Amino acid sequence: MEPLKICWVSSEMAPYAKTGGLADVAEALPAYLGSQGHDVRTFLPLYGRIDTSQGFTVVEWMVDRPLRLGGRTFHYTLVTDSAPGDHLQRFFIHCPALFGREAIYTGDSDEAIRFAFLAKAAIECCQGMGWAPDVFHCNDWHTGLLPLYLRHHYGWDRLFERSKTLLTIHNLGYQGMFPTSQLGALDLQGCAHLLYRDDLDAGVVGFLKTGFLYADLLSTVSRTYAREIQTPEYGMGLDGVLRARADHLVGIVNGVDYALWDPATDRHLPYHYSAEDLTGKLENQRYLLQATGLDAEPSEAVFGLVSRLTAQKGLDLLFEPLQEMLAGRDVRLVVLGSGESRYEAYFARLAQAFPRKAFFYRGYNERLAHLIEAGADAFLMPSRYEPCGLNQMYSLRYGTVPIVRKTGGLADTVQLFDPATGEGTGVVFEHQNADAVRWALTFALRLFGEPEAWRRMVTNGMAQDYSWQVQGARYEALYRAMANL
Ligand code: ADP
């Protein structure tokens, strides 16, 4: 089959610029596609924080190019850290006037202009290269205007005659809403009739919502989230628009980078293990309990939690049930995370109340995250909504039973264990209340008390494959279907 030409545009990409899961996908998916022989070119702003001192070169015929946006002319230079001819070429748009700041996202008055510029610059770079992508793969609100620009502002260019646009929603919580006073600066004054009338009347324009209207296809990072965001409960005001495009909205779960997250090779772990021999897991557990100062040898399970501490993650559902469990059962709890103060305060209080059973590390700590995945018996993810979620997939691979709420990617990747059939990979609860969590914790502890059942559930989980080899192939099929190739 013919290799595909994919133009990837995003505001984040690990390891250069990361605030969340989008960055990981932006690193791994293009890399997978390149490894399959496709011609993949990625475009990322060259933020001030990106160190270009090593391995970066200027693309010589793309230096100091003018780009007009909203009556202003900005100049940019294209920079790359890839070699010409590589299947994956990563390009960085160097425009100090807009991106020469430390932060990826800013509250600055030109925030909308920065990302409108990213979309236009990516298109113009393709023009400069005389390269017609089969698919422009856009991500989140930052690239939401690209499909409209491509069709309207660059519709004259026959180069893009066959190019299609895919817009992936990584988190609907961020929509890129700006006042209509910016329409001129975004080159949208002349095509206001192409924007949502209701929004214009309310004095706003939404990048993501506009993308929903003009992208050939929409996707999100799990099938369940794709369904959920079409409901008022999860749609964050955009469910109507998404329902209108339901036929063009698909869900593909993110892949896991098993080169980094595999207990058999994980460089952060003192002991390695696999499904065949779990002795190392127990050793990691002893190590974790000792390192966190908790009592050794619990007769019941060790629970782990690693998360941004925000409302999305449903941590308030745990408040009472965790306290009760720590008071009544011989369990341990290790929590890692930072975020909103009410959650930080809760976990700090819990650790204080149960100093030998509960530990809280406030902050970000890569190594501890790996240790918790390896050392815990069960992992808590009670999210109120979760577009995809990565930690539950790490947990599966690490033989750590995920206890999750049935939403988004959690619903798609964890199946409730049934002791009667021996099928299932975790504990799944539905309702957003403390009783549902109480049930889940009690059920998990019951299964933990039945070593054969527990072992079966752990082995089922460890056998799951959410690698990019599997998930990336789904994107390839999607691109081919879109491009009719
Ligand atoms: P989200 O993108 O909503 O934060 P995900 O589960 O998709 O949730 O991804 C979170 C990623 O960030 C995981 O790799 C997780 O291990 C990591 N992470 C979150 N908080 C911390 C922390 N405090 N320390 C280390 N890693 C963290």
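Hydrogens, waters and symmetry mates play no part in the numbers below; they use all other heavy atoms, side chains included. As the structure is a computational prediction, the values presented were derived from the model and not from experiment. Note that ligands are numbered from 1 as they come in the structure, with each ligand's atoms numbered from 1 the same way.
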### Ring centres under 6.0 angstrom apart (F115, W141)
yes
### Query
Partners of D81 by side chain to side chain contact (heavy atoms under 4.5 Å, CB included), sequence neighbours excluded?
Y16, F56, R90, F92
Show the atom names and distances, to 0.1 Å, of all donor-acceptor pairs under 3.5 Å that link a side chain in residues 18-27 to residues at least two apart or in another chain.
unit_1, atom_1, unit_2, atom_2, d
K18, NZ, D24, OD1, 3.0
K18, NZ, D24, OD2, 3.0
T19, OG1, E12, OE1, 3.4
T19, OG1, E12, OE2, 2.5

### Task
Return yes when atom NE2 of H268 has more than 12 non-hydrogen atoms of other residues, nucleotides or ligands closer than 6.0 Å, and no otherwise.
yes
### Query
Is a side-chain donor-acceptor pair under 3.5 Å present for D330 with S299?
yes
### Query
List by chain and number: which residues place a heavy atom under 4.0 Å from ligand 1?
G21, V306, S307, R308, K313, L336, G337, G363, Y364, N365, A369, E386, G389, L390, N391, Y394
#### Entry: Pairs satisfying salt bridge (charged side-chain N to carboxylate O under 4.0 Å, His left out), at least one member in residues 354-367, at least two apart
D295-R356, E344-R362
